[in-house]
Amino acid sequence: MGLAMDQHYRPKEIEEKWQKIWEDQNLFKVTEDLERPKYYLLEMFPYPSGKIHMGHVRNYSIGDVIARYKRMRGFNVLHPMGWDAFGMPAENAAIEHGVHPAKWTYENIRTMKNQLKRMGFSYDWDREFATCDVSYYKWEQLFFIKMFEKGLAYKKRSFVNWCEICKTVLANEQVMSDGTCWRGHADDPGVTQKELDQWFFKITDYAEELLKWCDQLPGWPERVLTMQRNWIGKSVGAEIHFPLEHSKEVIKVFTTRQDTVFGATFMSLAPEHPLALSLSKGTAQEEAVKAFVERMKRQDKMKRTAETTEKEGVFTGAYCLNPMTKARMPIFVANFVLMDYGTGAVMAVPTHDQRDFEFAKKYGLPLIVVVQPEGQTLKAETMTEAYEGEGILINSGPFNGMDSIKARERIANYLEENGLGGSRISYRLRDWGISRQRYWGAPIPIIYCERCGTVPVPEKDLPVVLPFNVEITGRGESPLAGLEEFVKTSCPRCGGPGRRETDTMDTFVESSWYFDRFACPDYDQGPLDRKRVDYWMPVDQYIGGIEHAILHLLYSRFFTRVLKEMGWVNVEEPFTNLLTQGMVCKEVYECSRDGYLFPSEVEERENGIRCQKCGGQVSIGRLEKMSKSKKNVVDPEYLVEKYGADTARMFCLFASPPEKDLDWSDQGVEGSARFLNRVWRLFYELHHPLQAVKPLAFGTSLDGDQKSLRQKTHKTIKKVTEDIERFHFNTAISAIMELVNEIYTSPIRDQTDEISRRVIREAIETVVILLSPFVPHFAEELWEALGNQQSILKTRWPDYDPEAILEDEVLIVIQVNGKLRDRMTIPVSYGEEEVKAWALRSERIRRLVEGKEIKRVILVPKKLVNIVC
RNA sequence: GCCGGGGUGGCGAAAUUGGAAUACGCGCGAGACUUAGGAUCUCGUGGUCGAAAGACUGUGCGGGUUCAAAUCCCGCCCUCGGCACCA
């Protein structure tokens with residue numbers, strides 16, 4: 001039976017219709033409601049770069065399923081959206097196209113907001129804000145001042161990471177492991193070191209707590225926690241003081257192997273260590289040290305600290321004393337010692353550290369074995385590499401014969417008692433450098449006064465508004481520095497002339513507390529309305545890309561601790577559960593001559609896939625994250641135009657589980673579209689309308705095909721509910737597909753008796769409700785066609801009828817010695833002995849066990865019988 | 001080197017607690033409907049052997065535990081990600 005013209009699935013029409021209804025009725029607006037349990041669902045807010053991409057569609061589709069599902073389950077769901085709006089690209093647009101960053105940003109926001117609405121995501125748009133709004137960043141300036149007062153924000157001169165493309169400083173977290181900028185520039189020359197006066201947040205004060213609380217986040221993926229733990233990099237060891245010869249001064253070192261201190265035969269200093277130059281002064285080594293330090297300074301830091309770089313150094317001409325043995329230890333400057341880890345000085349134990357071993361061999365320095373491995377006798381003269389394992393101490397005075405692990409504790413205590421150092425803990429984590437030499441960011445609220453020094457802008461003078469009239473050239477220092485009317489001010493303390501700080505804050509500062517602000521975006525008495533923040537925080541479910549595993553997620557945890565200490569919030573950790581979704585990937589076409597190609601630029605010939613431009617061989621198949629530069633993007637707008645938002649959402653959710661990378665497939669999208677059309681047709685091709693049909697009551701008893709369809713319906717409710725709860729959206733959708741297939745092939749599909757119609761109605765209604773979090777417009781339309789007056793959003797998520805899913809009969813697998821040999825369908829009511837007897841009665845089984853002794857018969861109820869013989 | 005994730009059909013994937021390996025979808029094959037099909041519907045689809053019934057085999061590799069292993073244990077290989085001359 002054909003469909004009437006108006007009964008074809010037309011996504012564009014129904015999507016526009018329902019988006020308007022949702023908006024007109026304000027259906028996603030929420031306020032605090034103590035009657036219902038709250039659920040704060042948050043997806044990482046986007047940077048308004050221009051248009052949304054598939055990564056956004058995937059991220060927000062996942063979030064929307066949960067938001068809609070939780071609402072139907074009776075939760076008071078906060079599902080906000082806003083804009084991470086400060087940052088580099090806006091400034092680059094200004095440089096390239098002469099458009100003001102503010103104009104560019106707000107226009108992009110308008111475009112992207114429309115695109116998000118077009119996808120049908122259920123946000124409470126009343127809470128929307130952009131971090132470049134003065135009403136947002138002024139509170140961030142207040143936080144900065146409070147942190148400054150507590151010593152958590154401080155300025156220091158140091159070597160910092162400099163990105164020549166961004167023309168600004170980067171935090172350590174923003175430098176990738178290959179030494180490039182986190183923004184991923186096409187031709188990144190690599191981050192270099194620059195000595196500058198910079199503002200820092202004292203995240204290192206929180207290293208231990210941030211590490212400790214990694215164990216209190218069971219709702220976070222293990223790999224993210226591992227990355228954070230690695231990044232914090234805790235080492236337990238000791239500090240040891242080595243007195244300088246002919247001086248009262250000491251060189252302090254940090255070591256994790258204080259048990260090997262008796263074997264320390266020389267000392268290595270970082271080239272940047274202040275003692276490097278001062279110790280050699282006046283000695284014959286002075287010139288050599290100067291030259292070495294200069295050479296190291298010029299060398300690229302990445303290269304210098306690479307593991308493969310040969311160890312080299314230079315003698316300073318000075319000596320220190322081993323505090324345990326009093327032995328004279330020559331002091332070297334060495335390329336492998338880092339100034340920013342530990343103390344910048346390393347005691348060298350060549351017998352038990354491979355680097356020191358290589359260094360000692362190169363410069364002819366003495367070796368003393370102090371740890372003897374169990375069952376072996378190490379001799380310094382014959383060693384070819386350092387022994388870094390545990391063992392029994394020798395040549396170690398009072399500690400001889402002691403186990404090296406135990407000796408670490410004893411020696412640390414000895415150091416402490418004798419004023420020579422003691423137990424210490426060292427972290428790899430460095431303070432967060434937040435100064436950026438850029439215009440499009442929140443101004444750092446600081447004034448420099450010749451008389452009073454560094455003075456914070458008083459609270460009453462906030463905000464320090466980012467001036468609008470500024471020339472952005474992309475050359476030189478921060479654009480604000482050239483703006484005299486901004487820079488010139490008076491000192492809030494003495495009234496004398498003052499100059500403003502012209503650096504702006506790292507945009508990661510804005511994203512470190514936006515989730516709190518969503519609880520009270522309109523609040524103007526302070527940054528946060530404690531009452532509302534306490535109601536909503538913490539975020540129950542946070543969803544975003546794995547690329548923020550350290551960056552944003554660590555900063556936010558730090559910021560939350562600071563805000564809690566200051567009494568602005570009352571939570572220890574901001575995000576209870578974290579879901580890190582995978583990337584959206586697509587194959588790239590690459591021509592050896594013309595580089596990356598669009599699919600439209602290649603053609604298939606007999607001799608393989610060729611480049612249309614040069615005719616050369618094109619390599620394909622490699623899956624990479626969608627990016628404009630790789631020419632493998634799919635524009636969501638095109639998808640929505642061609643298939644509708646529901647199909648696009650459906651594909652993202654069905655193709656793979658959320659944590660995994662999603663491999664783009666045009667045919668897969670077709671498949672999703674086909675499924676929705678199939679449901680649509682099923683609905684309209686029925687021989688009888690369903691509007692007037694009443695649903696079945698719980699506990700209704702049925703027989704035959706009616707019973708089995710009802711059973712499938714309720715089993716599907718159970719399965720889909722469980723799958724959504726554990727974020728297995730792909731299997732939830734496949735379960736709904738199974739139900740649809742079952743309805744299609746059910747013999748009662750077109751029967752017109754009352755009960756059949758009610759069973760069919762229940763099955764189809766269930767499909768529509770279960771689909772609603774995934775494809776909301778589609779579901780609304782069919783829901784209405786079923787005769788419902790109210791939006792499907794107002795419907796409660798169904799419960800399954802426990803009676804309906806009960807089976808009368810069950811399929812039992814029969815194994816012989818663990819191998820599948822037969823199956824039988826038997827009534828569930830059968831007892832253990834009965835089932836076993838039935839299994840042994842099977843013709844095939846009898847043949848197989850004939851003449852053999854049956855040793856055991858194992859029964860797994862409702863599953864299988866295994867006959868062992 | 002250390003830490004973590006992963007390896008299942010031609011492809012995306014499923015198997016929640018040790019109990020039928022490959023659900024669902026894509027692709028492919030056959031058929032139906034049709035003037036036509038790139039629409040739709042039905043059936044088939046891990047491999048080898050076989051006309052078939054069926055047999056053997058099969059979840060990266062090699063062992064082990066168990067009546068029974070994709071799942072647990074031991075040892076490897078590959079791959080992705082993080083950290084790494086970190087003292």
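Scope of the values below: all heavy atoms of this structure, side chains included, with no hydrogens, waters or symmetry mates. Here is the naming used below: chain letters follow the sequence lines, and residue numbers restart at 1 for every chain.
- With the nearest nucleotide of RNA chain B identified for both A:Val813 and A:Asn230, A:Val813 has the one nearer the 5' end.
- A distance of about 14 Å separates the P atoms of B:rU17 and B:rU71, rounded to the whole Å.
- Between the A:Ser396 side chain and the A:Phe262 main chain, no donor and acceptor come within less than 3.5 Å of each other.
- For A:Gln815, counting side-chain heavy atoms from C-beta on, the closest listed nucleotide (B:rG19, B:rC85, B:rG25) is B:rG19.
- No donor-acceptor contact under 3.5 angstrom links the side chains of A:Trp432 and A:Glu173, judged on distance only.
- With a cut-off of 3.5 Å on both pairing distances, the Watson-Crick or G-U wobble partner of B:rC61 is B:rG75.
- Taking the nucleotide of RNA chain B with the nearest heavy atom to each of A:Arg678 and A:Ser235, the more 5' of the two is matched to A:Arg678.
- Put simply, CD on A:Glu385 is 16 Å from C1' on B:rC85, counting in whole angstrom units.
- A:Tyr341 places its OH atom 12 Å from the C1' atom of B:rC85, with the value rounded to the nearest Å.
- One finds no side-chain N or O of A:Thr343 lying less than 4.0 angstrom from the OP1 or OP2 phosphate oxygen of B:rA87.
- Taking atom P in both B:rA84 and B:rC76, one finds a spacing of 26 Å when rounded to whole Å.
- Residue A:Asn730 places at least one side-chain N or O closer than 4.0 Å to OP1 or OP2 of B:rA14.
- In plain terms, the two heavy atoms of A:Lys311 and A:Asn335 that are nearest each other are CA-OD1, 3.6 Å.
- Distances shorter than 4.0 Å separate some side-chain N or O of A:Arg821 from OP1 or OP2 on B:rC56.
- B:rC74 and B:rU65 have their P atoms separated by 15 Å, with the value rounded to a whole Å.
- Here B:rA84 presents its P atom at 17 Å from CZ of A:Arg229, a figure rounded to the nearest Å.
- Contact annotation: A:Arg355 reaches the phosphate of B:rC86 (side-chain N/O to OP1 or OP2, under 4.0 Å).
- Taking atom NZ of residue A:Lys311 and atom P of nucleotide B:rC86, one finds them 9 Å apart after rounding to whole Å.
- When ring centroids are compared, A:Phe359 and A:Phe336 come within the 6.0 Å threshold.
- Base pairing of B:rC83: its partner is B:rG1, meeting the Watson-Crick or G-U wobble criterion (both donor-acceptor distances under 3.5 Å).
- When the C1' atom of B:rG18 is taken as reference, atom CG of A:Leu864 falls 11 Å away, rounded to whole Å.
- Atom P of nucleotide B:rC11 and atom NZ of A:Lys586 are separated by 19 Å, given to the nearest angstrom.
- Between the C1' atoms of B:rG46 and B:rG9, the separation comes to 5 Å (whole Å).
- Distance A:Arg844 CZ to B:rG54 C1': 8 Å, rounded to the nearest Å.
- Paired with A:Ser404 under the rule side-chain hydrogen bond (donor to acceptor under 3.5 Å, both in side chains), one option of A:Glu390, A:His352, A:Arg257 passes, and it is A:Glu390.
- Side-chain nitrogen and oxygen atoms of A:Lys819 include at least one within less than 4.0 Å of the OP1 or OP2 phosphate oxygen of B:rU57.
- Put simply, the residue from A:Arg295, A:Lys362, A:Arg355 that forms a salt bridge (charged side-chain N to carboxylate O under 4.0 Å, His left out) with A:Glu312 is A:Arg295.
- Both distances falling under 3.5 Å, in either a Watson-Crick or a G-U wobble arrangement, place B:rC41 opposite B:rG31.
- Within 3.5 Å, no donor on the side chain of A:Arg428 pairs with an acceptor on the base of B:rA84, nor the reverse.
- Donor-acceptor pairing under 3.5 Å, judged by distance alone, is present between the side chain of A:Asn866 and the base of B:rC67.
- Nucleotides B:rA70 and B:rG19 are separated by 10 Å at their P atoms, to the nearest Å.
- Contact of A:Arg823 with B:rA20 (side chain to base): a donor-acceptor pair of N or O atoms is detected under 3.5 Å.
- Nucleotides B:rA69 and B:rG58 have their C1' atoms positioned 14 Å apart, rounded to a whole Å.
- Ring pair A:Phe651/A:Tyr643: centre-to-centre distance not below 6.0 Å.
- OP1 and OP2 of B:rC80 both lie 4.0 Å or more from every side-chain N or O belonging to A:Arg223.
- In this structure B:rG64 sits in the anti conformation; its chi angle is more than 90° from 0.
- For the C1' atom pair drawn from B:rC56 and B:rG60, the interatomic distance equals 22 Å after rounding to whole Å.
- For B:rC61 and B:rG7, the P atoms lie 13 Å apart once the distance is rounded to whole Å.
- At B:rA13, none of the side-chain N or O atoms of A:His728 fall inside 4.0 Å of OP1 or OP2 (strictly under the cut-off).
- As a whole-Å value, the separation of A:Ile733 CD1 from B:rA23 C1' is 15 Å.
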